[in-house]
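Below: the structure, in structure tokens.
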Amino acid sequence: MPEPHQPEGAIAATGMGGAMDLAASEATSLDKTPGGPDGGGPSAPARSLWSDAWRDLRRNPIFIVSGLVILFLVIISLWPSLIASGNPLDCDLANAQKGSAPGHPFGYNEQGCDVYTRVVYGTRISVTVGVCATLGVAVIGSVLGGLAGFFGGAWDAVLSRITDIFFAIPVVLGGLVLLSVVTSSTVWPVIGFMVLLGWPQISRIARGSVITAKQNDYVQAARALGASNSRMLLRHITPNAIAPVIVVATIALGTYIALEATLSYLGVGLKPPTVSWGIDISAASQYIRNAPHMLLWPAGALAITVLAFIMLGDAVRDALDPKLR
């Protein structure tokens with residue numbers, strides 16, 4: 001016998017054996033929910049590690065704050081004249097060591113140069129050194145370490161011994177020795193030195209990540225199906241092994257900025273007339289009692305920049321590491 005027509009609603013069974021009235025729209029929505037009411041319906045689309053990481057980053061206030069600070073630093077490093085109309089090399093000894101004045105909020109340095117303008121223009125050097133050194137270290141270290149971890153054997157053994165040698169070199173002492181014979185005042189010798197001593201760290205991380213990734217079932221299946229080594233590296237291993245490299249490189253960027261300032265402070269990094277926070281900090285350290293503002297502003301800009309990149313790296317690490325969720 002046909003059941004009576006129910007145009008206004010539907011009856012759904014409850015967990016206790018009873019029944020409850022549902023509106024027609026609600027009854028229809030039950031069948032469209034992921035998994036369905038009995039778990040047999042269509043499942044929700046799977047999300048990748050990168051989509052999950054981006055979703056977490058957008059909700060992380062540390063990432064938002066550090067990202068905005070870094071974006072501001074990048075903008076003023078590209079176009080410093082947007083917020084500083086003066087010339088960082090225009091100096092007047094009559095204003096030497098004077099404090100804040102109208103149009104010169106940070107005061108003057110020991111040569112009468114505007115500290116505010118020099119701090120703004122010094123951002124370009126710091127960001128350039130940090131970004132170029134990080135890119136060089138990440139590319140060289142990832143390629144060498146990835147190949148060593150994938151192929152193993154003699155290549156892996158030789159590279160491991162070479163990285164051990166570089167790890168034994170103190171960074172600051174190596175900079176004092178290698179850069180002391182360089183007469184160029186450009187940033188490239190400093191960047192080259194950082195890449196020379198920085199790639200072993202990324203190489204070791206990339207090697208371990210590739211060794212872990214190549215043992216996964218999908219890589220073994222690709223190998224069994226006859227995939228070439230280049231295809232396995234580019235399509236299957238690299239996308240799943242690059243996350244640790246990105247995290248370490250992001251944190252290291254702030255470290256390289258601090259290293260450039262340290263080497264410039266010691267007199268072996270960048271040299272005048274290049275505008276650098278390290279050079280200004282070195283010159284201002286002699287007048288810290290009489291004119292502390294000369295040291296405060298470049299040192300504060302350096303600290304904020306390094307902290308922003310370290311915070312960004314920590315946020316990226318938390319988003320890309322599933323074990324931390």
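Here Arg204 pairs with Asp164 under the salt bridge (Lys or Arg N to Asp or Glu O under 4.0 Å) rule; sequence neighbours left out. Partners of His104 by ring-ring contact (aromatic ring centres under 6.0 Å, His included), not counting sequence neighbours, listed by chain and number: Tyr108. With sequence neighbours excluded, the residues satisfying side chain to side chain contact (heavy atoms under 4.5 Å, CB included) with Ser228 are Ser230, Arg231. Residues meeting the side chain to side chain contact (heavy atoms under 4.5 Å, CB included) test with Val182, sequence neighbours left out: Leu179, Ser184, Pro189. In terms of the side chain to side chain contact (heavy atoms under 4.5 Å, CB included) criterion, residue partners of Ile281 (sequence neighbours excluded) are, by chain and number, Tyr265, Leu295, Pro298, Ala299, Leu302. Trp297 meets the ring-ring contact (aromatic ring centres under 6.0 Å, His included) test with Phe106; sequence neighbours excluded.
Put simply, the side chain of Asn216 gets close to the backbone of Ala213: a donor and an acceptor are under 3.5 Å apart. At distances below 3.5 Å, at least one donor-acceptor pair connects side-chain atoms of Thr123 with backbone N or O atoms of Val120. The backbone N or O of Pro88 sits nowhere less than 3.5 Å from a side-chain atom of Thr117 that would complete a donor-acceptor pair. Side-chain atoms of Thr238 come within 3.5 Å of backbone atoms of Leu233 as a donor-acceptor pair (strictly under, hydrogens ignored). At distances below 3.5 Å, not a single donor-acceptor pair connects side-chain atoms of Ser282 with backbone N or O atoms of Gly278. Judged by distance alone, with hydrogens and angles left aside, the side-chain atoms of Thr250 form no donor-acceptor pair with the main-chain N or O of Gly313 at under 3.5 Å. A donor-acceptor pair under 3.5 Å is formed between the side chain of Ser66 and the backbone N or O of Phe63. Proximity of a side-chain donor or acceptor of Lys214 to a complementary backbone N or O of Met232 within less than 3.5 Å is not detected. Of the possible polar contacts, one joining the Lys271 side chain to the Gly269 backbone as a donor-acceptor pair under 3.5 Å is found. A donor-acceptor pair under 3.5 Å is formed between the side chain of His293 and the backbone N or O of Lys98.
A heavy-atom distance below 4.5 Å is found between the side chains of Phe72 and Ile83. Between Val245 and Ile202, the closest side-chain pair of non-hydrogen atoms falls below 4.5 Å. The shortest side-chain heavy-atom distance between Val131 and Leu253 falls under the 4.5 Å cut-off. Annotation: side chain of Ser77 is not in contact with side chain of Thr128 (no heavy-atom distance under 4.5 Å). Between Ile169 and Leu173 the shortest side-chain heavy-atom distance does not fall below 4.5 Å. Residues Ile251 and Asp314 have side chains in contact (heavy-atom distance under 4.5 Å, counting atoms from C-beta outward). Counting heavy atoms from C-beta outward, Leu312 and Ile70 have side chains that approach closer than 4.5 Å. Counting only heavy atoms from C-beta outward, the side chains of Met311 and Val69 never approach each other to under 4.5 Å.
Shown here for Ala206 and Gly141, the closest heavy-atom pair between the two residues is CB-O, 4.1 Å. Taking every heavy atom of both residues into account, Leu73 and Ile76 meet most closely at O-CG1, 3.4 Å. Nearest heavy atoms, Ile125 versus Val275: CG1-O, 3.1 Å. Scanning all heavy atoms of the two residues, the minimum distance from Ile64 to Leu57 falls at CG1-O, 4.5 Å. Of all non-hydrogen atoms in Ser276 and Ser264, the two that sit nearest each other are OG-OG, 3.9 Å. Among all heavy-atom pairs drawn from Val316 and Val247, the shortest one is CG1-CG2, 3.9 Å.
Legend: salt bridge (charged side-chain N to carboxylate O under 4.0 Å, His left out) pairs involving residues 236-265, not counting sequence neighbours: none detected. Residue pairs meeting the disulfide (SG to SG under 2.5 Å) criterion with at least one member in residues 166-240, sequence neighbours excluded, do not occur. Residue pairs satisfying the ring-ring contact (aromatic ring centres under 6.0 Å, His included) criterion with at least one member in residues 137-188, sequence neighbours excluded, are listed as follows: Phe166-Trp199. For residues 136-201, the set of pairs meeting the disulfide (SG to SG under 2.5 Å) definition, not counting sequence neighbours, is empty. The disulfide (SG to SG under 2.5 Å) pairs that include a residue from residues 112-181 are Cys91-Cys113, where partners are two or more places apart or lie in different chains.
Note on Leu234 and Val139: separate hydrophobic clusters, where clusters join Ile, Leu, Val, Met, Phe, Trp and Tyr whose side-chain heavy atoms are under 4.5 Å apart, directly or indirectly. Hydrophobic clustering, with ILVMFWY side chains joined whenever heavy atoms are under 4.5 angstrom apart, groups Val210 together with Leu147. Taken together through direct or relayed side-chain contacts under 4.5 Å among Ile, Leu, Val, Met, Phe, Trp and Tyr, Leu71 and Ile257 form part of one hydrophobic cluster. Side-chain heavy atoms closer than 4.5 Å link hydrophobic residues (I, L, V, M, F, W, Y) into clusters, and following such links, possibly through other members, connects Leu135 to Val248. Follow the hydrophobic side-chain contacts under 4.5 Å out from Leu307 and you never reach Val127; the two are in separate clusters.
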(Q) Determine whether Leu196 and Leu178 satisfy the following criterion, side-chain contact (heavy atoms from CB on, under 4.5 Å), listing intermediate values before the conclusion. (A) CA-CA 11 Å; Leu196 178 64; Leu178 295 178; 4.1 Å; yes
Q) How far apart are the C-alpha atoms of Asp156 and Arg207, what are their side-chain angles, what is the distance that settles it, and do they pass the side-chain contact (heavy atoms from CB on, under 4.5 Å) test? A) CA-CA 9 Å; Asp156 187 17; Arg207 172 184 175 273; 2.6 Å; yes
Q: Mind running side-chain contact (heavy atoms from CB on, under 4.5 Å) on Phe193 and Val171 for me, showing each step along the way?
A: CA-CA 9 Å; Phe193 164 76; Val171 176; 4.3 Å; yes
Q: Might you work through the side-chain contact (heavy atoms from CB on, under 4.5 Å) test for Asp318 and Ile62, ending with a clear yes or no?
A: CA-CA 11 Å; Asp318 295 342; Ile62 294 179; over 6 Å; no
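Rounded to the nearest 0.5 angstrom, Gln201 CD and Thr255 OG1 are separated by 8.0 Å. One finds the OG1 atom of Thr163 at 10.0 Å from the CG atom of Leu144 (value rounded to the nearest 0.5 Å). We find the CZ-CG distance between Arg118 and Asn87 to be 10.0 Å, quoted to the nearest 0.5 Å. Here the straight-line distance linking atom OH of Tyr116 with atom OG of Ser100 works out to 12.0 Å at 0.5 Å rounding. Summarising the geometry, atom OG belonging to Ser51 is positioned 9.5 Å from atom CG belonging to Asp56; distances are rounded to the nearest 0.5 Å. Residue Asn290 holds its CG atom at 12.5 Å from CD of Glu110, rounded to the nearest 0.5 Å.
Applying the 4.5 Å side-chain rule to ILVMFWY residues, one finds Tyr287 in the same cluster as Met294.
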